[in-house]
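Step one of this worksheet: look at the structure below.
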Protein chains: 2
Amino acid sequence: MEEGTSKSPGYCLDTEDYDVLQWDVREGCEVRQILDRIADKWSLLVIALLDRRTLRFTELRRAIDGISQRMLSVTLRQLERDGLVLRTVHPVVPPRVDYALTPLGSTLHATIQALVDWTEGSQHEIAAARAEYDRRRAEEAVLDEAN
Amino acid sequence: MEEGTSKSPGYCLDTEDYDVLQWDVREGCEVRQILDRIADKWSLLVIALLDRRTLRFTELRRAIDGISQRMLSVTLRQLERDGLVLRTVHPVVPPRVDYALTPLGSTLHATIQALVDWTEGSQHEIAAARAEYDRRRAEEAVLDEAN
DNA sequence: CGGAATCCAGGCAGATACTG
DNA sequence: CAGTATCTGCCTGGATTCCG
């Protein structure tokens, strides 16, 4: 298995005197693990597409520009394992396999959409912040040059 | 700069006959880029901690079990560049630097919290799905063994 | 068509050492 | 204390090949 069970629960928060952050401390980083998965490079795209309708492997592949068959395969298997995607094999030749969102997967998509909306709404503000930051750094670089 | 401006807007969705997925097609993958950043290994933890109160570099380092000073530094710089975190240097010896969430950062935290809540609420269902999946795979492996 | 297996490069992140 | 710089190892993910 390529990643499967991640070895390190390494990035749990230390409680120390920061008493809460309940979700991360208590669940043995289960939450982080799941978060990492759904936030990975391709999962979101797959879920977004499947939320529109059931798709076949090749349809997904063509719809997601830049994904390799390997990564699509890996991504789909993970999503299937997590119970977010349902895989249906039709016993015909040539083989036909359909992928659909489970009810759980649908609720995830709804939640994710909120995050996407935030990103959409904030992107200009972020772009401005980046430009400003870069401008200042360039400015400082010039000053360093001068001495 | 280590990662800075990512080279490939590679993973945009192909419109083809899947007409919408507005957010990803239209913005030149700006959304994906931002999403990747906030969903990375450490950003969420930093944001969650700073949402509770302003913290110094070393406080963050100690609070986040397993993070290297390098990754904390990189993460903070990115968040600062994106306008999500405010960095304040106090001109004293020994140096003191405070990190705080900007208003934009706070709104992000609120949004993220919804996702965390979903994960918390779904984690048992996911764990069950995984167990079931693994059980079936093991079953099939035994059958393969038999022939 | 829908994958699994193998091979391999490039980038990401850890360890260490050094600065202001 | 709060970082930066360099070096290196490892893992992720792409390309290719093969199978049912």
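So you know, we letter chains A, B, ... as the sequences are listed, proteins then strands, and number each from 1.
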Nearest 0.5 Å, please: how far is CD in A:Gln113 from CG in A:Leu44? 10.0 Å
Output the distance between atom OH (B:Tyr99) and atom CD (B:Glu59), rounded to the nearest 0.5 Å. 12.0 Å
Looking at A:Thr54 and A:Asp98, would you say the former's side chain and the latter's main chain have a donor-acceptor pair under 3.5 Å? no
Does OP1 or OP2 of D:dA15 have a side-chain N or O of A:Ser68 closer than 4.0 Å? no
Report the distance from atom CE of A:Met71 to atom P of D:dT16, rounded to the nearest whole Å. 17 Å
Reported OG1-to-CZ distance for the pair A:Thr102 and A:Arg87, which is rounded to 0.5 angstrom: 15.5 Å
Between C:dG2 (C1') and A:His90 (NE2): distance, integer Å: 14 Å
Inspect the contact between B:Arg136 and B:Glu139 and indicate whether a charged nitrogen and a carboxylate oxygen are less than 4.0 angstrom apart. no
Atom NZ of B:Lys41 and atom C1' of C:dG11 are separated, to the nearest Å, by 14 Å
Just the rounded figure in Å: distance from P of C:dA15 to CG of B:Leu72. 14 Å
Can you tell me which nucleotide in C:dG14, C:dG20, C:dC1 comes closest to the side chain of B:Pro95? C:dG20
Quick one: bend of the helix from C:dC1-D:dG20 to C:dG20-D:dC1 from 5 pairs per end, to 10°? 40°
Would you compute the distance between atom CZ of B:Phe57 and atom CZ of B:Arg62 and round it to the nearest 0.5 angstrom? 11.5 Å
Using atom CD of B:Gln78 as one end and atom C1' of C:dC12 as the other, report the distance to the nearest whole Å. 11 Å
Is it true that, when you exclude B:His90 itself, more than 12 heavy atoms of the residues, nucleotides or ligands shown sit nearer than 6.0 Å to its NE2? yes
What's B:Arg61 touching, base or sugar-phosphate or nothing? Going by heavy atoms closer than 4.0 Å. nothing
Pick out which of A:Leu50, A:Leu108, A:Leu84 makes a side chain to side chain contact (heavy atoms under 4.5 Å, CB included) with A:Leu101. A:Leu50
What are the atom names and distances for every N/O pair under 3.5 Å that joins the protein to nucleotides 3-5 of chain D?
from  : atom 1 : to      : atom 2 : distance (Å)
D:dG3 : OP1    : B:Arg87 : NE     : 3.3
D:dG3 : OP1    : B:Arg87 : NH2    : 2.6
D:dG3 : OP1    : B:Tyr99 : OH     : 3.3
D:dG3 : OP2    : B:Tyr99 : OH     : 2.5
D:dT4 : OP2    : B:Ser73 : OG     : 2.5

Separation of B:Ile64 atom CD1 from C:dG14 atom P, in whole Å? 12 Å
Starting from C1' on D:dT12, measure out to CD1 on A:Ile67 and report it in whole angstrom. 13 Å
What is the distance, rounded to the nearest whole Å, between atom CG of A:Asp40 and atom C1' of C:dC12? 16 Å
Salt bridge between A:Glu80 and A:Arg77, side-chain N to carboxylate O under 4.0 Å? no
